[in-house]
Number of protein chains: 4
Amino acid sequence: MFIELDFQSETPIYEQLKTEIIVGIASGQLTPGERLPSVRQMASDIGINLHTVNKAYTQLKEEGYLLIHRQRGVVVNPEGPEAMTKERQAQLRQILRPLIADSLCRQMTEKELTTFIQSIYDELKEDRSK
Amino acid sequence: MFIELDFQSETPIYEQLKTEIIVGIASGQLTPGERLPSVRQMASDIGINLHTVNKAYTQLKEEGYLLIHRQRGVVVNPEGPEAMTKERQAQLRQILRPLIADSLCRQMTEKELTTFIQSIYDELKEDRSK
Amino acid sequence: MFIELDFQSETPIYEQLKTEIIVGIASGQLTPGERLPSVRQMASDIGINLHTVNKAYTQLKEEGYLLIHRQRGVVVNPEGPEAMTKERQAQLRQILRPLIADSLCRQMTEKELTTFIQSIYDELKEDRSK
Amino acid sequence: MFIELDFQSETPIYEQLKTEIIVGIASGQLTPGERLPSVRQMASDIGINLHTVNKAYTQLKEEGYLLIHRQRGVVVNPEGPEAMTKERQAQLRQILRPLIADSLCRQMTEKELTTFIQSIYDELKEDRSK
DNA sequence: GTGGTCTAGACCACA
DNA sequence: GTGGTCTAGACCACG
């Protein structure tokens with residue numbers, strides 16, 4: 001799997017790494033039970049600090065995306081994260097509300113918006129079929 | 001207009017304030033040409049520092065949401081921000097991709113997702129009709 | 001003569017007014033000895049504060065552009081301002097240096113620059129011939 | 001690189017600092033990719049507050065002159081700012097028009113003017129060859 | 001150690 | 001009274 005980071009970005013490296021892995025899982029590029037590179041391996045692969053990888057892995061473990069076995073290393077959790085809850089949905093709403101409001105102010109119609117969302121959705125599923 | 005901030009949140013206060021104002025404009029609670037409280041007024045209203053308000057106002061001015069008349073205060077720009085560009089859309093895609101990926105992993109279907117988006121959209125438009 | 005002000009601009013109104021008058025003189029739209037509207041007249045004409053007009057007029061008088069007679073009102077000084085001095089030229093250099101540096105960084109060539117300057121020069125002289 | 005500020009000047013310190021850096025880049029004293037002092041370092045070097053430096057750096061980042069690596073500090077953007085656009089050129093015209101008008105009124109000829117501009121241009125390029 | 005954020009208090013130009 | 005600027009000092013996330 002190919003990890004792409006933007007060091008100029010203002011979003012923290014560990015967040016970007018988490019994002020890449022989550023997208024990898026969602027798109028099926030990372031399959032349930034698949035093993036990920038060790039913390040050290042991943043760190044040297046993409047040229048970042050070991051602690052940074054560790055932070056990403058640990059948080060993904062807490063969110064149910066990964067399992068960290070002391071011996072067997074890091075694998076994609078076949079169970080996956082817990083299903084969408086109402087709390088999480090409310091949280092997501094808080095994040096999306098300003099983004100949608102901004103799009104609205106920029107004259108994006110509802111149809112354009114849903115089409116746009118769908119295109120992202122499809123892009124993920126497309127990778128999955130590969 | 002009612003401004004609601006979460007001081008415990010890790011998102012900066014000035015960002016939250018920007019969000020509140022953008023949502024206010026999108027939902028029509030703030031109308032084109034309407035005057036906003038002065039930086040000092042707003043700051044004391046919501047109990048934060050005037051510089052924090054100033055930062056939010058200044059950035060919203062740069063984004064085309066507000067006009068800042070030298071001594072006459074701050075008003076909602078009737079022109080509004082520039083229309084959605086391709087670059088901005090690409091940027092939005094970067095933000096939405098991980099959110100959608102996460103929702104996908106949590107077994108949210110595409111239909112649930114679009115319904116969800118629509119409900120946020122409607123919520124904004126609803127306020128507008130008031 | 002037509003005065004055009006931008007109330008959104010961050011350059012002070014009185015500066016803009018001064019600029020308009022200087023350009024008017026340079027372009028010959030205002031001729032030596034010509035009478036300008038009184039402070040009160042000008043203020044009401046363009047809808048700004050009386051003090052603002054006064055500030056512009058006073059400074060232009062100090063710079064040699066205008067004469068202010070108590071009875072006869074405000075007229076364009078036939079003598080004009082003092083000729084360009086070395087000090088003033090040094091000052092002008094300080095203002096132009098960053099502008100030219102910026103243009104350079106934005107890949108404007110020297111030829112483009114001088115052509116550009118010339119076009120502004122010609123625009124002024126053109127008005128003069130009217 | 002040597003930064004020279006005039007604390008008596010009415011132009012804001014952060015503007016002067018921006019100017020110095022832009023001129024430094026244009027003249028080649030600051031090379032693409034070169035690292036600038038940290039905000040704290042620069043601030044103590046020239047005896048001003050770190051927030052003032054930060055404002056200058058941030059604005060230069062937004063204009064494409066600098067890159068700000070999260071924790072690795074500030075470097076000169078090898079890409080540089082976006083090329084001169086028509087809008088920016090129109091803006092520049094607005095700034096130059098009164099300056100040229102003033103010079104005209106002070107009996108500066110077109111030839112003197114272009115020679116003058118060229119001398120500034122050459123001064124910048126001269127530093128570049130060092 | 002780096003930049004980002006927030007607070008606080010002060011002075012100034014502008015209108 | 002308005003926003004703009006500067007200073008000062010503090011805390012935090014990041015790596």
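Reminder, nothing fancy here: chain letters follow the sequence lines and each chain counts from 1.
Under a 4.0 Å N-O distance rule, the pair R88(A)/E63(A) does not qualify as a salt bridge. A salt bridge between R97(D) and E20(C) is present, with a side-chain N of the basic residue lying under 4.0 Å from a carboxylate O of the acidic one.
If you measure from atom CD1 of I46(A) to atom P of dG15(F), you get 11 Å, rounded to the nearest angstrom. Here the C1' atom of nucleotide dG4(E) and the CD1 atom of I68(D) are 10 Å apart, to the nearest Å. Taking atom NZ of residue K18(A) and atom P of nucleotide dC14(F), one finds them 10 Å apart after rounding to whole Å. Atom CD in Q16(D) sits roughly 13 Å away from atom P in dT5(F) (whole-Å rounding). Rounded to an integer number of Å, the gap from E15(C) CD to dA13(E) P is 13 Å. Spacing between atom CZ of F7(A) and atom C1' of dG3(E) amounts to 17 Å, rounded to whole angstrom units. The nearest whole Å value for the distance from the CG atom in L50(B) to the P atom in dG1(F) is 15 Å. A straight line from NE2 of H51(B) to P of dT7(E) spans 11 Å, rounded to a whole angstrom.
Checking the phosphate oxygens (OP1, OP2) of dT7(E), a side-chain nitrogen or oxygen of T52(B) falls inside 4.0 Å. The side chain of K55(D) places no N or O atom within less than 4.0 Å of a non-bridging phosphate oxygen (OP1 or OP2) of dC6(F). Side-chain N/O atoms of Y14(B) include one lying less than 4.0 angstrom from OP1 or OP2 on dT5(E). Look at N54(D) and you'll find a side-chain N or O under 4.0 angstrom from OP1 or OP2 of dG4(E).
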Problem set entry | Trace of the side chain to side chain contact (heavy atoms under 4.5 Å, CB included) decision for Q59(C) with Y14(C) | CA-CA 10 Å; Q59(C) 292 195 5; Y14(C) 82 96; 3.6 Å; yes
For this session: Output, in order, the C-alpha distance, side-chain angles, deciding distance and verdict of side chain to side chain contact (heavy atoms under 4.5 Å, CB included) for L92(D) and M84(D).
Result: CA-CA 10 Å; L92(D) 182 57; M84(D) 182 65 80; 4.3 Å; yes
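In terms of heavy atoms, L50(B) sits closest to R40(B) at CD1-CG, 3.8 Å.
Checking I48(B) against P12(C), the closest nucleotide of DNA chain E that is more toward the 5' end is the one next to I48(B). Of the two residues near DNA chain E, T11(C) and G73(D), the one whose nearest nucleotide lies more 5' is G73(D).
Shown here, dA8(F) forms a base pair with dT7(E); the pair counts as Watson-Crick or G-U wobble because both key distances fall under 3.5 Å.
A donor-acceptor contact under 3.5 Å is formed by the side chain of R40(D) with the base of dG3(E).
The side chain of N49(D) lies closest to dA8(F), out of dA8(F), dC6(E), dG3(F).
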